[in-house]
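Working notes, structure below.
None of the values given here were measured: they were computed from a predicted structure. Numbers here simply count residues along the sequence, with the first being 1.
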Amino acid sequence: MSNPFVHLVEPFDPAQPGKKFFNLNKLKDSRYERLPFSIRVLLEAAIRNCDQFLVKKIDIENILNWNVMQHKNIEVPFKPARVILQDFTGVPAVVDFAAMRDAVKKLGGDPEKINPVCPADLVIDHSIQVDFNRRADSLQKNQDLEFERNRERFEFLKWGSQAFRNMRIIPPGSGIIHQVNLEYLARVVFDHDGYYYPDSLVGTDSHTTMIDGLGVLGWGVGGIEAEAVMLGQPISMVLPQVIGYRLMGNPHPLVTSTDIVLTITKHLRQVGVVGKFVEFFGPGVAQLSIADRATIANMCPEYGATAAFFPVDEVSIKYLVQTGRDEEKVKQMKKYLQAVGMFRDFSDPSQDPDFSQVVELNLRTVVPCCSGPKRPQDKVAVTDMKKDFESCLGAKQGFKGFQVALDHHNDHKTFIYNNSEFTLTHGSVVIAAITSCTNTSNPSVMLGAGLLAKKAVNAGLHVKPYIKTSLSPGSGVVTYYLRESGVMPYLSQLGFDVVGYGCMTCIGNSGPLPEPVVEAIMEGDLVAVGVLSGNRNFEGRVHPNTRANYLASPPLVIAYAIAGTIRINFEKEPLGVNAKGQQIFLKDIWPTRDEIQAVERQYVIPGMFKEVYQKIETVNESWNALAAPSAKLYSWDPKSTYIKSPPFFENLTLDIQPPKSIVDAYVLLNLGDSVTTDHISPAGNISRNSPAARYLTNRGLTPREFNSYGSRRGNDAVMARGTFANIRLLNKFLNKQAPQTIHLPSGEILDVFDAAEQYRQEGLPLIVLAGKEYGSGSSRDWAAKGPFLLLDTGKTFQAIMRFDTDVELAYFHNGGILNYMIRKMAK
């Protein structure tokens with residue numbers, strides 16, 4: 001059916017008759033100019049894609065009538081312009097696509113119909129680990145080991161990039177997905193098939209929201225939803241409320257963007273923004289760079305919102321030029337956004353739209369802070385860190401407690417490392433990592449860290465050799481400006497050598513700690529600490545031996561590494577004493593905002609971005625040398641422990657099968673609140689005594705070859721065994737933290753997978769009991785697929801359900817979106 005809004009189409013420029021756009025101002029509807037800017041993006045996408053089946057006229061009216069309908073729990077469709085994936089989530093997506101091709105062929109259809117219909121970019125950034133650090137060749141050795149471990153996965157992805165249309169792979173060693181998206185992949189405005197329209201996306205990573213800082217609406221979804229979008233299906237979403245977040249004032253000169261985002265995270269957690277958009281406005285926004293805005297948008301999942309949107313303004317336009325985008329195209333972007341009422345002037349309050357609720361923050365009230373020890377929303381002012389940690393030591397086991405008896409608070413353990421004796425206590429820092437897209441994309445905090453390192457070295461300070469220090473920049477541009485500005489040698493002297501380009505410590509790829517350190521922690525039962533410039537610090541995520549983990553700005557990561565402990569009051573206690581006996585305080589080496597900005601203006605220039613990104617897809621010689629099959633159907637290797645044809649479509653028929661009921665089910669797990677996707681489907685190391693380890697060992701692998709759960713998401717046999725395998729899982733059946741449960745018929749305590757298998761063999765159906773916020777945290781398709789494989793006995797719940805659209809009903813009858821697409825393509 002033709003688009004009923006075709007009358008809104010008009011030429012973009014008389015000089016370019018082939019370029020058109022949907023002019024939303026021709027709606028002549030006063031409601032449009034009162035819509036939040038984020039909702040305008042949803043409206044434009046709905047109008048442009050209206051076909052009266054996937055997107056209907058009533059959907060456009062519902063979005064246009066947002067001021068009323070936001071409170072009605074109404075669902076609307078959204079067709080993003082593109083999809084972005086990282087390799088941990090991208091591999092299972094490509095596995096599903098390959099399996100869907102097999103299924104379509106089996107049902108008599110053309111398998112080559114299974115292809116992304118919108119652009120899909122896959123950035124390989126989750127595979128590299130910090131195996132080597134504190135040495136000049138750390139980067140090369142970690143990258144070599146990355147290829148050694150992941151060659152099979154990389155060959156599979158390279159096959160996917162050749163077998164499927166519209167799929168581009170950014171090779172390993174290029175940078176972190178969200179920084180590459182910000183600096184290179186983001187279109188801001190699409191110029192495609194003769195039409196201009198706003199860039200928008202969904203990604204298979206929860207921190208996809210980082211791109212909202214550039215004025216591109218995007219958020220993280222599960223792999224299955226992303227696959228559906230790639231196949232041309234819209235996302236069905238509840239029309240969100242939009243919280244207006246007014247920023248005012250200027251930050252204090254000592255405050256970083258990290259401090260601002262941690263403050264906002266705690267604030268919005270208190271406000272309650274789950275399932276809502278947050279849109280920033282007010283004069284304070286103009287004081288923030290795009291990197292600052294991106295830092296704030298990046299941690300959107302931590303404060304619980306769906307998206308954290310900064311509309312495009314003049315600062316956005318200047319950033320596009322600074323990062324090497326074509327200036328003529330940038331002018332066209334601005335012209336288009338102005339024409340459709342999507343270009344923002346934050347100093348003009350007459351442009352402020354309607355919001356569901358308005359909250360505000362005066363940036364002048366923000367103070368230096370960290371978050372932890374177990375959740376990103378638990379902000380602690382730096383001045384209170386020592387007192388807060390010591391309070392957590394004795395508090396009851398929980399988000400802010402370790403339940404260490406008072407007479408053990410000063411326990412310590414000595415150990416020998418590199419022929420010298422050292423002592424660990426509760427609060428000793430053993431990991432200090434400058435990592436994660438949250439901060440490594442921001443020149444102000446990265447150069448701030450470099451300048452602090454320079455002053456620290458010149459003052460005679462150092463970092464203890466057993467502390468695992470690392471620097472994993474978000475792109476080659478960061479290394480470029482750190483080197484050109486002259487601060488890299490000082491970072492290296494403190495142990496912060498470049499160890500790789502990827503997420504690394506932030507996702508649990510922190511690598512091993514020195515064995516003497518691990519032994520001291522274990523023997524002393526010590527609460528050791530990781531400090532990282534990341535966005536997640538949930539229990540068991542960063543490293544199994546760091547029970548406390550704090551998020552901090554890059555300069556503070558270095559400061560705590562030098563101090564060697566979290567139990568320090570920087571205002572009253574020195575960072576250290578140099579060889580001359582001088583006490584050096586943090587205030588003595590902290591760089592001023594003026595110092596940082598002067599260096600940034602001189603060294604962060606467009607030429608750097610152009611030089612790095614013009615060769616990004618070809619610069620990795622190891623990737624270029626990979627051989628990949630050329631067939632359109634993937635030839636599955638039954639011996640592979642990385643890539644395996646999944647069981648989800650094995651029994652699929654052309655005819656739809658009716659659902660069945662669950663009767664007399666046993667409870668596999670009895671869980672409480674806030675069970676995150678990290679608890680359900682961990683991404684980090686595979687424990688040597690886990691069911692997944694036994695599976696791999698039985699196939700001839702050694703522990704050194706296990707790699708991580710995240711890297712093995714293309715193999716359902718490993719991932720099913722890794723489901724609920726987090727060592728910090730708290731099962732009420734056991735009343736302790738362990739990846740175990742009770743097999744109720746026998747009373748035997750078993751690993752969760754082993755118990756599920758025993759129930760399966762006995763023909764007993766299963767359910768899991770869980771509280772509120774189950775499944776919070778990273779978007780992770782295996783947090784859904786894993787429990788499905790453990791609990792599924794060919795039955796589903798009988799429930800009273802409401803379907804808001806014909807599309808949803810079709811998905812339900814087919815057993816899911818992917819089954820629907822297979823049957824559709826096979827006909």
Side-chain angles (χ1 to χ4, degrees), residues 179 182-183 213-214 247-264 280 282-298 310 313-324 346-347 362-369 382 434 438-458 471 473-475 477-491 496 533 552-559 586-609:
Q179 184 162 346
L182 189 73
E183 295 176 350
L214 185 56
L247 293 174
M248 303 173 297
N250 291 311
H252 189 277
L254 297 181
V255 162
T256 68
S257 58
T258 314
D259 303 319
I260 295 171
V261 71
L262 295 180
T263 301
I264 290 174
F280 293 85
V285 176
Q287 306 303 315
L288 301 176
S289 68
I290 293 301
D292 292 338
R293 299 176 193 182
T295 297
I296 294 167
N298 177 281
F310 289 82
D313 70 340
E314 199 61 50
V315 175
S316 317
I317 297 299
K318 290 177 180 177
Y319 175 83
L320 292 172
V321 174
Q322 182 194 29
T323 50
F346 290 105
S347 65
N362 188 327
L363 294 171
R364 196 68 182 181
T365 65
V366 176
V367 298
C369 56
V382 170
I434 298 176
T438 308
N439 286 290
T440 62
S441 61
N442 195 321
S444 67
V445 292
M446 295 302 289
L447 288 169
L451 291 171
L452 184 140
K454 180 178 181 180
K455 292 185 177 187
V457 170
N458 289 339
L471 167 60
S475 78
V477 173
V478 179
T479 306
Y480 203 140
Y481 66 64
L482 289 177
R483 185 177 63 243
E484 291 298 305
S485 62
V487 299
M488 187 64 85
Y490 300 100
L491 288 163
F496 291 91
S533 63
S553 66
L556 279 176
V557 170
I558 296 177
L586 181 57
K587 64 183 179 182
D588 299 328
I589 61 171
W590 194 269
T592 66
R593 183 182 297 274
D594 288 343
E595 285 180 273
I596 296 169
Q597 290 178 344
V599 175
E600 184 176 349
R601 281 193 297 270
Q602 185 174 355
Y603 293 104
V604 184
I605 55 176
M608 288 182 176
F609 293 89

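For the residue pair Ser485 and Tyr603, the shortest heavy atom distance occurs at CB-CD1, 3.7 Å. Of all the heavy atoms in Phe609 and Gly324, the pair that sits closest is CB-N, 4.3 Å. Between Ile589 and Ala456, the shortest heavy-atom distance links the atoms CD1-CB, 3.9 Å. Heavy atoms only, all atoms of each residue included: Ala449 and Ile558 are closest at O-CD1, 3.4 Å. When all heavy atoms are compared, the tightest approach of Thr440 to Gly474 is OG1-N, 3.2 Å. In terms of heavy-atom proximity, Ala559 sits nearest to Leu586 at CB-CD1, 3.7 Å.
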Side-chain polar contacts of residues 247-256 - donor-acceptor pairs under 3.5 angstrom, sequence neighbours left out - could you list them?
| from | atom 1 | to | atom 2 | distance (Å) |
| --- | --- | --- | --- | --- |
| His252 | ND1 | Leu254 | N | 3.1 |
| Thr256 | OG1 | Thr258 | N | 3.3 |
| Thr256 | OG1 | Asp259 | N | 3.3 |
| Thr256 | OG1 | Asp259 | OD2 | 3.1 |

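Proximity of a side-chain donor or acceptor of Gln597 to a complementary backbone N or O of Asp594 within less than 3.5 Å is not detected.
Under the 4.0 Å criterion applied to side-chain N and carboxylate O atoms, Glu600 and Arg593 are not assigned as salt-bridge partners. Under 4.0 Å is where a charged nitrogen must lie from a carboxylate oxygen, and between Asp313 and Arg293 at least one such pair does.
With hydrogens and angles left out, the side-chain atoms of Asn362 and Thr365 include no donor and acceptor closer than 3.5 Å. Between the side chains of Asn442 and Ser444, at least one donor N or O sits under 3.5 Å from an acceptor N or O. The closest side-chain donor-acceptor pair between Ser289 and Asp292 falls under 3.5 angstrom.
No side-chain heavy atom of Val599 sits under 4.5 Å from any side-chain heavy atom of Val487. With contacts defined as side-chain heavy-atom distances shorter than 4.5 Å, the pair Tyr319/Val315 does not qualify. Between Phe496 and Val557 there is a side-chain heavy-atom pair separated by less than 4.5 Å. In this structure, the side chains of Tyr480 and Val604 stay at 4.5 Å or more apart for every pair of heavy atoms. Within the 4.5 Å cutoff, the side chain of Thr323 has no heavy atoms near those of the Pro606 side chain. Residues Pro283 and Ser347 are not in side-chain contact: their nearest non-hydrogen atoms beyond the backbone lie 4.5 Å or more apart. Residues Val478 and Leu471 have side chains not in contact (no heavy-atom distance under 4.5 Å, counting atoms from C-beta outward). Within the 4.5 Å cutoff, side-chain heavy atoms of Ile434 are placed close to those of Met446.
Residues Phe310 and Phe280 place their aromatic rings such that the two centres sit under 6.0 Å apart.
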- Assess whether side chain to side chain contact (heavy atoms under 4.5 Å, CB included) is satisfied between Ile264 and Val366, documenting all intermediate values. CA-CA 9 Å; Ile264 290 174; Val366 176; over 6 Å; no
Q.
If you apply the rule side chain to side chain contact (heavy atoms under 4.5 Å, CB included), what do you find for Leu451 with Tyr490, and how did you get there?
A. CA-CA 8 Å; Leu451 291 171; Tyr490 300 100; over 6 Å; no
After noting the C-alpha distance and the side-chain angles of Met488 and Lys454, does the key distance pass the side chain to side chain contact (heavy atoms under 4.5 Å, CB included) rule?
CA-CA 9 Å; Met488 187 64 85; Lys454 180 178 181 180; over 6 Å; no
Margin query: Please determine whether side chain to side chain contact (heavy atoms under 4.5 Å, CB included) holds for the pair Thr438 and Ser533, giving the CA-CA distance in whole Å, both sets of side-chain angles, and the decisive distance to 0.1 Å.
Written below: CA-CA 7 Å; Thr438 308; Ser533 63; over 6 Å; no
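Here the OG1 atom belonging to Thr295 is positioned 9.0 Å from the CD1 atom belonging to Ile260, to the nearest 0.5 angstrom. One finds the CG atom of Leu262 at 8.5 Å from the OG atom of Ser553 (value rounded to the nearest 0.5 Å). The line from CG of Leu491 to CZ of Arg483 is 13.0 Å long, rounded to the nearest 0.5 Å.
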